[in-house]
Enquirer: 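This structure is in structure tokens; I'll ask about it shortly.
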Amino acid sequence: MSSAFVDSVMSTVTSRNPAEPEFLQAVREVAESIEPVVARRPEISRLKIVERIVEPERQIMFRVPWVNDRGEIQVNRGFRVQFNSAIGPYKGGLRLHPSVNLGIIKFLGFEQTFKNALTTTPIGGSKGGSDFDPKGKSDMEVMHFCQSFMNELYRHIGPDTDVPAGDIGVGGREIGFLFGQYKKITNSFTGVLTGKGLSYGGSLARTEATGYGLVYFTTRMLADRKTDWKGKRVVISGSGNVAIYAAQKVASLGGKVVAMSDSNGYIVDEEGIALDVVKRIKEVERGRIKEYLGACPKAAYKDGCDGIWTVPCQVALPCATQNELNGKSAATLVKNGCIAAAEGANMPTTPEGVKIFHDAGVSFGPAKAANAGGVATSALEMSQNSMRQSWTFNEVDSKLHGIMDSIYDQCRDASDSYGLKGNLVAGANIAGFLRVSDAMIAHGVV
Ligand code: NDP
């Protein structure tokens, strides 16, 4: 979709950030959605809110030198993009993956700003990470990297400034190493990171939160179609933190997860994926998904990850990475009877894919709403740290469920009030944008 408003936003953002396609893709989607808001609220143009919101408040890039097990010096690049602090301290995950670059971190930080606003908890948006690849590294190598990364990052973060968490390649092990180094350098024990272990300030249900939240959100999408999970065939890409706990919740609600993947390929198990096997391979052994066949020989394995979308299903949950579900895959899903798709990963569906789902009447849950359960529960972890309390699993899970219901309501209500009924992409962008822009207007030009 093109218009004078979208063209004008994109022309400035493209000229400033020419080599950042993922960031431009994320900005375009938001710009397209908020056009009717800008038309209805003239102060947004007068106060240049859109021009300000697409520019990160601060971008930090730094050298991360460390020594591997063979005594060789390695040099990685670290990033932290503090995008927007209008509604609270910056908050967003750290990604460790060789594909990480400034444009990817900016796209994630931009999305995070609106996602965090949708949770209605007081947190701004940021994201960070490094092109370090944890795959195949020893625990000592990962620790040395994390310590070096924190040696610079610590000056830019703090419990009331910026609170990082996990993302791709950053789980409990990495958060532990990062937290230990922050504590040592600053001589303070604070809730500066979330996703912490339970023995040092973590929250119950944080590990499960993004996957569970995704399923709570999708449950509402299905309910609007007067159906539920019972007997549904479900395909989930990825086999990391988000994918595993989405699969667990789907199975508990009566759905059957028939396929999962990693970056090498995918498994199909018509009897339903045995999640205990996937958890052992991925969480304990840090192995490859094809090892599933060793425990479940009746399953099939295929190389290449995008083939997973050819497996017939009624619900598709992309939970691996950005742009993993393109127009061709969306068309195949539609042809095979898919009625709902919801994004566990950040921006996993390309714009062509989203259009195909919308045109075909498939219910589509965008990432910034559907996967907001992780950061919402991180905000609950921050609350528990501030209060020096810990809530039970059920308390946290029930708050998470309430937050996901509220996010769904906000998206549906915003899309309805702008005449875009059923378009949850527009609803999420509008509701998130309004919350951030109202705070920016209140703060003046800062
Ligand atoms: P993990 O590192 O735990 O798992 C990532 C999974 O995705 C792995 O199975 C990985 O396979 C696969 N994957 C990674 N890169 C690619 C690629 N280029 N192509 C195909 N598959 C790939 O990460 P998470 O589960 O935490 O994150 C997954 C997604 O969810 C990301 O988009 C993240 O931003 C998003 N997200 C995560 C949240 C969280 O709380 N963890 C919160 C909100 C969003 P392999 O092992 O082979 O690399």
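On a predicted model such as this, the values are computed, not experimentally measured, just so you know. All heavy atoms count here, side chains included; hydrogens, waters and symmetry mates do not.
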Enquirer: Taking 4.0 angstrom as the limit, do Glu291 and Arg280 come out as a salt bridge?
Expert: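 No salt bridge links Glu291 with Arg280.
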
Enquirer: Can you confirm whether more than 12 heavy atoms, excluding those of Met140, are under 6.0 Å from its CE atom?
Expert: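 At most 12 heavy atoms, drawn from other residues, nucleotides or ligands, come within 6.0 Å of this atom.
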
Enquirer: Quick one: do Asp409 and Arg412 make a salt bridge, cutoff under 4.0 Å?
Expert: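 Arg412 and Asp409: salt-bridged.
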
Enquirer: How close do Ala340 and Leu222 get, heavy atom to heavy atom, and via which atoms?
Expert: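 Heavy atoms of Ala340 and Leu222 come nearest at CB-CD2, 4.0 Å.
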
Enquirer: Thinking salt bridges, do Asp139 and Arg173 make one under a 4.0 Å N-O criterion?
Expert: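 Answer for the salt bridge query: yes.
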
Enquirer: Could you please spell out the steps behind the side-chain hydrogen bond (donor to acceptor under 3.5 Å, both in side chains) verdict for Asn264 and Asp303?
Expert: CA-CA 6 Å; Asn264 294 119; Asp303 277 324; over 6 Å; no

Enquirer: Looking at Asn151, is its backbone amide N or carbonyl O close enough to the side chain of Tyr154 to form a donor-acceptor pair, meaning the two atoms are under 3.5 Å apart?
Expert: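 No, Tyr154 side chain to Asn151 backbone: no donor-acceptor pair under 3.5 Å.
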
Enquirer: Is there a donor-acceptor contact under 3.5 Å from the side chain of Thr161 to the main chain of Ile157?
Expert: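 No; zero donor-acceptor contacts below 3.5 Å.
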
Enquirer: Looking at side-chain heavy atoms only, is the closest gap between Thr349 and Glu343 below 4.5 Å?
Expert: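 Sidechains of Glu343 and Thr349: in contact.
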
Enquirer: Within this structure, what is the CG-NZ distance for the pair Leu293 and Lys298, rounded to the nearest 0.5 Å?
Expert: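 It comes to 13.5 Å.
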
Enquirer: Do side-chain atoms of Lys282 reach the backbone of Gly287 as a donor and acceptor pair under 3.5 angstrom?
Expert: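 Yes, because the side chain of Lys282 sits within donor-acceptor range (under 3.5 Å) of the backbone of Gly287.
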
Enquirer: Output yes when Arg63 and Glu152 qualify as a salt bridge under the 4.0 Å nitrogen-oxygen rule, no when they do not.
Expert: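 A salt bridge is absent here (no side-chain N lies under 4.0 Å from a carboxylate O).
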
Enquirer: Between Asn385 (side chain only) and Gly191 (backbone N and O only), is there a donor and an acceptor less than 3.5 Å apart?
Expert: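 No: the side chain of Asn385 does not pair with the backbone of Gly191.
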
Enquirer: If you compare all heavy atoms of Thr218 against all heavy atoms of Leu214, which two are closest, and at what distance to 0.1 Å?
Expert: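 Minimum heavy-atom separation between Thr218 and Leu214: OG1-O, 2.6 Å.
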
Enquirer: CG of Asn116 to OG of Ser85: how many Å apart, nearest 0.5 Å?
Expert: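 One gets 12.0 Å once the value is rounded to the nearest 0.5 Å.
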
Enquirer: Inspect the contact between Asp162 and Lys91 and indicate whether a charged nitrogen and a carboxylate oxygen are less than 4.0 angstrom apart.
Expert: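 Looking at Lys91 and Asp162, the cut-off is not met.
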
Enquirer: With a 3.5 Å distance limit and no angle check, can you tell me whether Ser415 reaches the backbone of Cys411 through a side-chain donor-acceptor pair?
Expert: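 Judged by distance alone, yes, a pair lies under 3.5 Å.
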
Enquirer: To the nearest 0.5 angstrom, please state how far the OG1 atom of Thr377 sits from the CZ atom of Arg206.
Expert: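 Reported value, rounded in 0.5 Å steps: 6.5 Å.
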
Enquirer: Quick test of your reading of the model: are Lys355 and Asp359 salt-bridged, counting only N-O distances below 4.0 Å?
Expert: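 Yes, Lys355 and Asp359 are salt-bridged.
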
Enquirer: Can you find a side-chain donor-acceptor pair between Ser33 and Asn429 that sits under 3.5 Å?
Expert: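 Indeed, the side chains of Ser33 and Asn429 share at least one donor-acceptor pair under 3.5 Å.
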
Enquirer: Using a strict cut-off of less than 4.0 Å between a Lys/Arg side-chain nitrogen and an Asp/Glu carboxylate oxygen, indicate whether Asp167 and Lys127 qualify as a salt bridge.
Expert: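 Yes, charged N to carboxylate O under 4.0 Å.
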
Enquirer: Tell me, yes or no, whether the heavy-atom count around Arg288 atom CZ, taken from other residues, nucleotides or ligands under 6.0 Å, exceeds 12.
Expert: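 Yes, enclosed.
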
Enquirer: Is the NZ or CZ atom of Lys249 positioned over Tyr212's six-membered ring, under 6.0 angstrom from the centre and within 45° of the axis?
Expert: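 The answer is yes; both the distance and angle limits are met.
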
Enquirer: State, with a plain yes or no, whether a side-chain heavy atom of Ile244 is found less than 4.5 Å away from one of Val278.
Expert: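 Sidechains of Val278 and Ile244: in contact.
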
Enquirer: Is Glu29 reaching over with its side chain to a backbone N or O of Pro351, donor-acceptor style, under 3.5 angstrom?
Expert: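 No; zero donor-acceptor contacts below 3.5 Å.
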
Enquirer: Quick check against the 3.5 Å criterion: does Arg435 have a side-chain atom that pairs as donor or acceptor with the backbone of Ala117?
Expert: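 Yes, because the side chain of Arg435 sits within donor-acceptor range (under 3.5 Å) of the backbone of Ala117.
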
Enquirer: Counting only heavy atoms not in Lys290, do more than 12 sit closer than 6.0 Å to its NZ atom?
Expert: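 At most 12 heavy atoms, drawn from other residues, nucleotides or ligands, come within 6.0 Å of this atom.
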
Enquirer: Going by the angle between their ring planes, with limits at 30° and 60°, are Phe83 and Phe23 parallel, tilted or perpendicular?
Expert: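 Phe83 vs Phe23 ring planes: tilted.
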
Enquirer: Could you pull out the closest heavy-atom pair between Gly169 and Glu174, with the gap in Å?
Expert: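 Nearest heavy atoms, Gly169 then Glu174: O-CD, 3.5 Å.
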
Enquirer: Strictly distance-based, threshold 3.5 Å: is any side-chain N or O of Asp262 a donor or acceptor partner for the main-chain N or O of Ser239?
Expert: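 A pair under 3.5 Å: no.
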
Enquirer: Would you please name every residue forming a side chain to side chain contact (heavy atoms under 4.5 Å, CB included) with Ala372, sequence neighbours left out?
Expert: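 For Ala372, the residues satisfying side chain to side chain contact (heavy atoms under 4.5 Å, CB included) (neighbours in sequence not counted) are Lys115, Thr119, Ile407.
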
Enquirer: With ring centroids as reference points, do Phe132 and Trp66 lie under 6.0 angstrom apart?
Expert: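 Centroid distance Phe132-Trp66: below 6.0 Å, so yes.
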
Enquirer: If you take the centroid of each ring, where Trp contributes its six-membered ring, are Phe149 and Phe177 closer together than 6.0 Å?
Expert: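 No; Phe149 has its ring centre 6.0 Å or more from that of Phe177.
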
Enquirer: Yes or no on ring-ring contact (aromatic ring centres under 6.0 Å, His included) for Phe179 and Phe189, after CA distance, side-chain angles and deciding distance?
Expert: CA-CA 9 Å; Phe179 183 84; Phe189 193 113; 5.1 Å; yes

Enquirer: Indicate the atoms forming the closest heavy-atom contact of Tyr245 with Glu208, along with that distance.
Expert: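 Of all heavy-atom pairs spanning Tyr245 and Glu208, the closest is CD2-CG, 3.4 Å.
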
Enquirer: What are the two closest heavy atoms between Glu381 and Gly195, and how far apart are they?
Expert: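 Here Glu381 and Gly195 meet closest at OE1-N, 2.9 Å.
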
Enquirer: For Asp397 and Phe393, indicate whether the former's side chain and the latter's backbone hold a donor-acceptor pair under 3.5 Å.
Expert: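 Side chain of Asp397 to backbone of Phe393: no pair is present.
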
Enquirer: Is the shortest distance from a Lys or Arg side-chain nitrogen in Lys137 or Asp69 to a carboxylate oxygen in the other one below 4.0 Å?
Expert: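 Salt bridge absent between Lys137 and Asp69.
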
Enquirer: Whether Glu395 and Lys399 form a salt bridge (side-chain N of Lys/Arg under 4.0 Å from carboxylate O of Asp/Glu) is what I want to check.
Expert: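 The answer is no: the pair does not qualify as a salt bridge.
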
Enquirer: For Val215, is there any backbone N or O sitting under 3.5 Å from a side-chain donor or acceptor partner on Thr219?
Expert: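 Confirmed, Thr219 side chain pairs with Val215 backbone.
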
Enquirer: So does Arg16 have more than 12 non-hydrogen atoms from other groups sitting under 6.0 Å from CZ?
Expert: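 For Arg16, atom CZ is not crowded (no more than 12 foreign heavy atoms under 6.0 Å).
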
Enquirer: Does Ser390 have any side chain to side chain contact (heavy atoms under 4.5 Å, CB included) partners at least two apart in sequence or in another chain, and if so, which?
Expert: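 With neighbours one apart ignored, the set is Gln384.
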
Enquirer: For a quick test of reading the model, state the closest non-hydrogen atom pair linking Asp131 to Val100 and the distance between them.
Expert: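 In this case the closest contact between Asp131 and Val100 is CB-O, 3.8 Å.
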
